[in-house]
Amino acid sequence: MTDSAPLGINRTGVQMSPEKSQDMRRIAEQTPADVAGGPRELSEARAAEALKAGRAGSVAPPGSAKGVLKAGAKKMTGQNPELLLDKLGQRLAFERTGVRLYEALIAKATALGLEQPVRQALARFRDEEAEHMDLVVQAVESLGADPTTMTPSANVAGVVGLGPLQVITDARTNFMQSLDALLSVELTDNAAWELLIELAETAGQESMATHFRHALKQEEYHLETVKGWMRDTSLEQLR
Amino acid sequence: MATITNLLDAKGTPLEQQRFSWNDINSTPISKLDDDAFTRVRVILMNGIETDALRLKHMGARFHKELRLPLARVRRVEHHQQTTINWLLSADHSPLETTIAYEQVAIEVTAAVAQNEPDPYQAQTYRFGLLEDFDHLYRYAAMLDRLEGKDANNILQSYTDIIPGRPTSQHHRDPHDDLREHYDGGQADLITKIHAAMITAAEYQTHDYYMNIGPLFADPVARALYAEIASVEEQHVTQYGSLMDPGETFLEKWLIHEAMEAYNYLGCLEQEDNPRVKRIWERFLDYELGHLQLVRELFKKYERRDPEEVLGGTLPALVEFKSQRDFVRRVVSEEVDLRAHGIDYVPRDQESDQSLLYRDTMNVNGVPADTVSAGYQWSPGTEQARRKSNG
């Protein structure tokens with residue numbers, strides 16, 4: 001499917017410059033730290049900051065159903081209505097970014113001349129990510145909430161997603177390297193759908209949960225396919 | 001000492017023939033893994049120099065109506081030169097890894113300059129500043145190890161030591177003790193002027209880089225570390241900037257800056273081993289010589305003086321882009337306890353009351369550089385590998 005990274009003159013390790021690095025290691029060993037302690041000082045400073053830090057953001061109340069929510073919040077979304085809204089917002093953001101990730105990967109697969117079935121599968125997965133996004137938009141709207149809001153968990157997903165995005169859109173990474181990034185995306189996606197289904201069920205949103213179970217089935221297939229591509233490509237080159 | 005002659009007399013590429021396309025300025029980056037660390041050092045240095053070229057010319061335009069158009073024309077080209085160069089850095093460098101590379105530039109280039117500088121006071125100043133950037137590298141290496149779990153030597157490629165220098169906690173001084181004696185524009189060698197413009201440019205870039213990326217970190221301790229070291233870099237810009245003669249006219253400074261740019265591109269060209277990057281250095285050397293010719297004419301027209309008054313004489317050998325390990329170690333062992341008092345370098349017990357008060361005030365709730373580096377000793381493969389091998 002694609003070649004792995006070739007042998008070359010990677011200069012990052014100490015074995016590439018044994019004498020210099022030996023010299024460097026020697027002086028480091030002979031020169032003790034000028035500040036006593038260890039990594040614990042850093043941990044303690046982080047802990048102190050965590051205690052006094054504010055929140056990164058909040059969940060907006062559902063604007064169009066304020067009254068309904070007040071009166072029937074438990075019935076609608078459980079004891080903690082903002083939790084379901086937050087996680088729905090996260091899924092929405094994740095699927096929306098997922099579409100863009102697949103678009104970038106399709107461009108790479110096309111440039112690399114990957115076989116048609118792989119490109120077709122990528123196109124299908126992209127379309128399904130878009131469907132899932134629409135599905136969550138409907139779910140958010142059904143609760144009277146705003147699907148254009150970036151919820152705190154959506155924001156977290158965005159930060160987490162920066163890594164895979166950087167790998168996949170880097171013009172120099174090959175398909176295998178991009179699959180590494182995609183694998184983490186699909187693993188997360190699967191686990192997140194599983195949780196969201198449970199949350200919807202617990203909140204009494206059975207119809208929502210039914211739709212989500214269908215999305216999870218598709219995500220499970222995405223994950224199995226990505227793992228299969230990685231396994232086949234790697235083993236093929238190792239043999 | 002070997003010298004170079006006639007460099008600054010070459011005509012170069014005329015300004016009107018200096019052209020770019022979007023494709024041109026956005027070429028494939030160098031490899032973080034496979035390219036030599038000194039290719040990255042040159043990329044960062046020249047990016048800093050071009051940033052400063054723009055900075056100086058924007059300032060000049062605020063004061064000289066008659067120069068606004070030629071300044072704008074040269075700036076446009078230099079902006080695109082800078083883009084071409086800075087876009088050679090690949091996105092797989094984390095901001096902290098790029099920071100390690102910035103400090104490597106500060107150490108290796110300043111050490112080379114300190115040895116090439118004929119004015120003893122100016123050379124002393126470079127050695128003084130060098131010991132602080134050397135310490136910053138150690139603190140950032142600890143941060144990289146303890147935040148991202150990465151070995152700074154993957155970036156440094158064993159060219160630069162990772163041990164404490166003058167402790168960062170001691171760098172914080174009153175502005176009075178950051179100013180230095182300036183060279184005399186009428187007497188100083190051209191290379192002295194070039195060095196001051198060049199190292200000021202490099203430090204300015206480092207300051208601005210830390211100010212831009214510091215808030216990108218989530219870790220509060222990393223944010224604090226960048227805030228602390230960016231403050232020291234501001235002191236360094238003050239220090240190195242004050243080495244230049246404030247009595248020079250703007251056009252003199254412009255001439256020196258263009259000569260400095262050409263001098264550095266030639267150094268890059270002669271020492272570059274990546275053929276694609278080498279072609280960039282060659283092209284931009286010719287561009288800078290074209291700029292220099294233009295400024296020579298402007299100098300004659302507006303100042304009615306001979307540019308040779310500023311550019312005359314020979315230039316010493318080019319900056320050597322290589323590991324300055326032995327020199328740096330010697331400076332660490334001999335001068336780490338020096339401190340600044342006014343424009344003088346003094347033993348550590350003779351610092352000014354103003355600086356001691358300022359430092360105590362800033363350090364009152366702890367020192368981020370100390371927090372991140374407590375007990376840190378670099379080891380190949382990170383300190384986790386070291387702890388494991390020590391049982």
Side-chain angles (χ1 to χ4, degrees), chain A residues 5-54 56 155-156 158-160 162-163 165-173 177 180-181, chain B residues 28-29 31-37 90-92 94 135 138-139 142-143 145-147 151 153-167 169 218-224 323 325-326 329 332 366-381 383-384 386-387:
Chain A
L7 282 177
I9 46 156
N10 183 314
R11 300 178 202 247
T12 57
V14 290
Q15 287 181 10
M16 284 301 280
S17 43
E19 282 179 28
K20 279 188 294 173
S21 51
Q22 194 53 39
D23 201 11
M24 188 174 167
R25 186 201 302 236
R26 202 174 303 119
I27 194 154
E29 281 171 0
Q30 291 166 355
T31 313
D34 59 346
V35 178
R40 193 172 156 183
E41 273 66 20
L42 179 57
S43 298
E44 287 173 358
R46 280 179 179 152
E49 290 292 333
L51 283 176
K52 66 182 187 192
N155 192 35
V156 166
V159 175
V160 171
L162 284 175
L165 195 69
Q166 285 287 89
V167 172
I168 292 173
T169 58
D170 191 326
R172 305 167 308 156
T173 52
Q177 291 158 343
D180 273 331
Chain B
T28 303
S31 168
K32 168 177 138 179
L33 310 181
D34 291 1
D35 269 296
D36 190 272
S90 54
D92 48 0
S94 72
D135 193 74
Y138 167 73
R139 310 296 160 184
M143 188 83 249
D145 190 338
R146 291 173 173 180
L147 180 66
D151 180 352
N153 196 41
N154 290 156
I155 299 295
L156 302 171
Q157 297 177 5
S158 302
Y159 287 122
T160 312
D161 289 335
I162 306 173
I163 55 171
R166 180 180 303 119
S169 60
D219 179 22
V221 188
R223 294 170 75 91
S323 174
R325 171 171 282 128
D326 293 342
R329 285 184 183 179
V332 171
V367 178
D370 287 355
T371 304
V372 304
S373 62
Y376 188 73
Q377 270 181 291
W378 173 79
S379 187
E383 70 176 349
Q384 296 183 66
R386 181 166 180 266
R387 279 201 224 108

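Below, chain A is the first sequence line, B the second, and so on; all start at residue 1. Just so we're clear, the structure is a prediction, and the values are computed from it rather than from any experiment.
- Considering every non-hydrogen atom in both R172(A) and S31(B), the closest pair reads NH1-CA, 4.2 Å.
- Most heavy-atom pairs under 4.5 Å with chain A, from the set V372(B), D145(B), D151(B), N153(B): that is N153(B).
- Contacts between M24(A) and chain B at a heavy-atom distance below 4.5 Å involve backbone atoms as well as side-chain atoms.
- Of the listed residues Q166(A), R46(A), E41(A), Q30(A), the one with more heavy-atom pairs under 4.5 angstrom with chain B than any other is R46(A).
- Among R325(B), K32(B), R329(B), the residue with the largest count of heavy-atom pairs under 4.5 Å with chain A is R329(B).
- Note: K20(A) NZ to S323(B) OG = 7.0 Å, rounded to the nearest 0.5 Å.
- Using a 4.5 Å cut-off between heavy atoms, I155(B) does not touch chain A at all.
- Rounding to the nearest 0.5 Å gives a distance of 8.0 Å between CG of L42(A) and CG of L147(B).
- Note that CZ of R11(A) and CG of D34(B) are 7.5 Å apart. Values are rounded to the nearest 0.5 Å.
- For the set S17(A), A48(A), G13(A), the count of heavy-atom pairs under 4.5 angstrom toward chain B peaks at S17(A).
- Residues passing the side chain to side chain donor-acceptor pair (under 3.5 Å) test with N154(B), sequence neighbours excluded: none.
- The distance from atom CG of D35(B) to atom CG of N10(A), rounded to the nearest 0.5 Å, is 11.0 Å.
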Does the salt bridge (Lys or Arg N to Asp or Glu O under 4.0 Å) test come out yes or no for D34(A) and R166(B), once each step is laid out? CA-CA 10 Å; D34(A) 59 346; R166(B) 180 180 303 119; over 6 Å; no
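- Interface residue R139(B): only side-chain heavy atoms are found under 4.5 Å from chain A.
- Here the shortest heavy-atom pairing between A33(A) and S373(B) reads CB-O, 4.4 Å.
- P39(A) meets the side chain to side chain contact (heavy atoms under 4.5 Å, CB included) test with R146(B), E383(B), R387(B); sequence neighbours excluded.
- Proximity to chain A (any heavy atom under 4.5 Å) is restricted, for T160(B), to the backbone atoms N, CA, C and O.
- Taking every heavy atom of both residues into account, A374(B) and A36(A) meet most closely at CB-O, 3.3 Å.
- Taking OG1 of T31(A) as the start and CD1 of I162(B) as the end, the distance is 12.0 Å to the nearest 0.5 Å.
- Distance check: E29(A) CD to I163(B) CD1 gives 12.5 Å after rounding to the nearest 0.5 Å.
- Of the two parts of S379(B), neither the backbone nor the side chain holds a non-hydrogen atom closer than 4.5 Å to a non-hydrogen atom of chain A.
- The closest side-chain heavy-atom distance from P380(B) to R25(A) is below 4.5 Å.
- Nearest heavy-atom pair across W378(B) and A28(A) is O-CB, 3.5 Å.
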